[in-house]
Amino acid sequence: MMLINFAFRNLFRNPRRTMAILTTVMIGTGALFLYHGFNNGIMNQYRENTIRSRFGNGQVNTNGYRAKVFEKPWEHWIDNVNQLDSFIKSLPGVEYTFPRLQFFALLTNGRVTVSGRGQGVDAQAETEFFTALNVDIGKNLTTEEDGIILGMGLARALDVKVGDRVTILANTTFGSLNGVDTIVTGIFHTGAKEFDDTVFRIPLKLSQILLDTNKVESIALGLTGVDQWPAVAAQIEKRFPHLESTPFEILDKVYYQNSVDFLDSQFQFIRFIILFIVVLGIFNTISTGILERKQEIGNLRANGESKGEVLRLLLLEGIFLGVLGSILGVVVAYGLNISLLAEGIPMPPGPGITRSFMVKVELVPLYSLAIILLGAVSALVGSFFASIKVVRMEIGDLLRSI
Amino acid sequence: MGELLYSCQGVDFHYPLGELSVHALKSIDLTIEEKEFVALAGPSGSGKTTLLNLLGLVEPLKIGEIAMENYRFQTLGERELNRIRRFHIGFIFQNFHLNNALTAYENVEYFLFRQNIPRQQRAQRVQQALELVGLKGKESHRPLELSGGQKQRVAIARALAKEPKVIIADEPTASLDQDTGREIMEILRRLNKEQGVTVILASHDTMVLESVERVIRLVDGRVVA
């Protein structure tokens with residue numbers, strides 16, 4: 001106990017030196033902690049953007065629907081939609097359900113006819129939840145029974161503007177040709193050319209009339225949190241064993257998961273570089289401090305302290321400096337996060353996203369313990385390598401040091 | 001005088017200085033008895049500090065023999081050397097080497113703690129030592145609050161509290177003015193006479209050399225008187 005007391009008190013023996021080491025540890029660990037929070041913020045924001053761009057938190061289909069291409073896909077669509085929808089909405093964590101139909105159709109304005117890929121959606125719910133669709137001209141679908149929004153390229157090909165009539169022609173699920181009339185309410189763009197050139201959206205009910213079905217192809221879900229998905233999916237599959245639930249990470253694997261993996265590996269590499277620089281900085285500052293204490297160490301050795309005892313004392317001091325400096329680093333990081341970084345950091349659009357966004361630095365309290373441990377270990381390692389050479393010196397050489 | 005404390009025979013010492021080797025001591029033969037008050041004197045480079053360090057076990061003995069009572073230095077291992085330094089030798093340095101973060105009391109107490117002396121006994125020894133050097137009432141002062149003379153007194157108390165067989169002092173008055181230096185020498189003389197502590201010091205200060213009972217003069221690494 002007294003040794004710990006002496007080690008702690010020794011920190012105040014040379015306040016300048018102690019402040020230099022504490023500052024190095026504080027800056028290094030604070031930077032790492034902030035970087036980890038920034039990394040978290042970016043990944044969380046990217047995940048949120050992905051969820052709100054296309055698939056929500058995940059999607060429900062009939063078993064095997066996504067794995068195969070069917071000649072008559074409507075035979076594998078979901079029926080008992082209302083029952084399923086009611087059940088899903090009753091589950092804890094479910095905020096939105098998005099029943100959807102996708103189909104191919106011809107669109108005509110009476111002069112020009114083009115083909116397109118149609119989406120029948122619950123317009124009101126989708127407008128509230130999804131943000132990827134930028135309706136640049138007019139407005140998004142909401143309650144219009146016969147509204148249509150088209151991709152920029154598709155609208156251009158059809159030569160239509162807001163307020164124009166468009167007739168949609170498609171085969172019903174029974175094989176006959178059917179048509180519905182719509183009025184253009186808006187024109188959107190996502191930045192994905194292939195999407196903007198082919199896709200249009202109409203209300204779900206209108207698409208069901210067009211295709212003469214009361215089924216839906218899929219139901220996407222909007223949850224209160226990402227962590228709710230496993231429980232929700234399990235409940236759905238238990239209650240409806242003929243259905244399968246797929247999370248957004250798999251649905252959007254090419255853009256999301258691959259992007260996440262790609263970014264994560266970059267972040268890991270950068271984190272390693274920061275860590276290396278932090279440890280090197282701490283080692284360097286502690287080394288300098290110990291080299292300045294040769295005569296002091298010589299005095300201890302001359303009075304009977306063994307090499308091991310002196311080393312233990314120096315290592316204890318190193319641990320104290322590492323822990324104290326790291327705690328300061330964590331505190332400073334939190335302070336910066338609620339002040340200078342409170343609004344977040346502006347970021348340009350990421351892969352697959354069309355909008356810029358603000359990234360909040362999301363500090364994880366549990367990670368602060370890891371940071372403190374890292375600071376302590378770095379200081380300990382730095383102290384060890386700096387001390388081991390000095391404590392092994394001859395006492396006379398230590399005493400003669402300047 | 002008392003029984004034989006130190007015996008040196010044929011002691012030689014070299015130390016490296018860059019690519020060169022300095023022959024600091026040449027065939028030193030001498031004895032020091034208990035309760036002696038001895039000064040090693042000589043000009044700079046005469047080897048007095050080197051000899052002092054050998055007697056204090058802070059330089060490794062490679063040539064010759066040094067014995068302290070029953071201990072023959074050349075046969076001792078690291079652990080034994082540490083033990084002798086810890087329990088039998090007290091050091092006083094020119095620059096005091098006090099811990100500025102500790103009070104005078106704690107500076108004196110530290111090496112007693114290392115001797116595993118119980119707290120109560122430590123307190124007793126520390127108080128006695130500080131009183132002997134005239135620093136009663138200054139226990140809670142830190143070195144930065146003390147004068148040079150007071151700091152050296154703390155250093156003496158620190159060495160004395162260990163109850164060593166010998167106190168070894170390297171230029172103990174070199175950082176002090178004449179009057180303060182005289183006070184320090186008076187304290188050492190008193191400790192030698194009243195407490196029976198053997199004191200061996202190195203100095204080139206005439207005032208110091210006049211205060212001791214015996215002067216061993218070195219020139220060019222040899223004892224000349």
Side-chain angles (χ1 to χ4, degrees), chain A residues 1-22 289-318 320-321 324 388-402, chain B residues 13 15-17 24 49-54 56-62 77-103 106-117 119 122 142-144 155 158-159 161-162 164 168 170:
Chain A
M1 193 62 201
M2 200 161 181
L3 181 65
I4 294 174
N5 183 27
F6 276 127
F8 184 72
R9 300 277 293 282
N10 264 348
L11 301 184
F12 304 100
R13 187 180 173 132
N14 188 325
R16 174 196 61 80
R17 187 170 58 219
T18 297
M19 279 314 298
I21 297 172
L22 280 178
I290 287 176
L291 287 174
E292 290 175 356
R293 295 170 68 183
K294 280 184 183 173
Q295 282 198 344
E296 174 197 336
I297 293 167
N299 174 46
L300 292 173
R301 294 286 320 281
N303 278 284
E305 299 274 272
S306 67
K307 291 171 188 170
E309 284 165 340
V310 173
L311 185 63
R312 256 196 301 283
L313 184 68
L314 295 174
L315 292 182
L316 260 178
E317 290 175 26
F320 276 131
L321 288 168
L324 279 173
I388 195 69
K389 191 177 172 190
V390 172
V391 298
R392 281 179 179 168
M393 286 174 66
E394 294 293 344
I395 302 172
D397 292 335
L398 288 167
L399 291 171
R400 278 188 288 274
S401 302
I402 297 167
Chain B
F13 192 85
Y15 64 85
L17 194 68
T49 297
T50 305
L51 179 56
L52 199 70
N53 285 346
L54 279 167
L57 289 172
V58 299
E59 296 283 11
L61 177 66
K62 291 188 176 126
E78 183 76 29
R79 187 175 282 195
E80 199 55 42
L81 290 171
N82 283 335
R83 201 184 71 78
I84 294 171
R85 284 196 292 266
R86 176 168 295 184
F87 288 98
H88 299 312
I89 301 176
F91 276 93
I92 300 168
F93 299 100
Q94 173 182 337
N95 291 324
F96 325 126
H97 289 325
L98 299 179
N99 188 329
N100 289 333
L102 305 179
T103 62
E106 290 163 337
N107 266 286
V108 177
E109 187 193 21
Y110 181 77
F111 294 117
L112 299 185
F113 157 70
R114 284 312 214 179
Q115 286 181 339
N116 290 326
I117 291 172
R119 179 193 281 260
R122 285 204 310 263
R142 291 184 203 281
L144 291 175
R158 181 176 64 184
K162 288 168 70 173
I168 289 186
D170 189 6

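Order of the sequence lines sets the chain letters (A, B, ...), proteins ahead of strands, with each chain counted from 1.
Side-chain N/O atoms of Gln94(B) and Asp170(B) include no donor and acceptor closer than 3.5 Å.
Contact of Phe87(B) with chain A is not made at all, since no heavy-atom distance falls under 4.5 Å. Leu399(A) touches chain B through its side chain: at least one heavy atom from C-beta onward sits under 4.5 Å away, while N, CA, C and O do not. For Asn53(B), the part lying near chain A is the side chain, with the backbone staying farther off; criterion is any non-hydrogen pair under 4.5 Å. Heavy atoms of Arg142(B) lying under 4.5 Å from chain A belong exclusively to its side chain. Looking at Gln115(B), neither its backbone nor its side chain comes within 4.5 Å of chain A, counting heavy atoms on both sides. Only the side chain of Arg158(B) comes within contact range of chain A, with at least one heavy atom under 4.5 Å from a heavy atom of that chain. Heavy-atom distances place no part of Ile168(B) under 4.5 Å from chain A, backbone and side chain included.
By the 4.5 Å heavy-atom criterion applied to side chains, Val58(B) and Leu52(B) are not counted as neighbours. A 4.5 Å side-chain heavy-atom check between Arg122(B) and Phe113(B) finds at least one atom pair inside the cut-off. Here the side chains of Leu102(B) and Arg9(A) are in contact, with some heavy-atom distance below 4.5 Å. Side-chain atoms of Phe13(B) and Leu54(B), non-hydrogen and from C-beta on, do get closer than 4.5 Å to each other.
Per-residue heavy-atom pair counts under 4.5 Å with chain B were compared for Glu309(A), Glu305(A), Glu394(A), and the maximum is reached by Glu305(A).
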* Asked: Should Arg85(B) and Asn82(B) be marked as a side-chain hydrogen bond (donor to acceptor under 3.5 Å, both in side chains) after you check the CA-CA gap, both sets of side-chain angles, and the distance that decides it?
  -> CA-CA 5 Å; Arg85(B) 284 196 292 266; Asn82(B) 283 335; 2.6 Å; yes
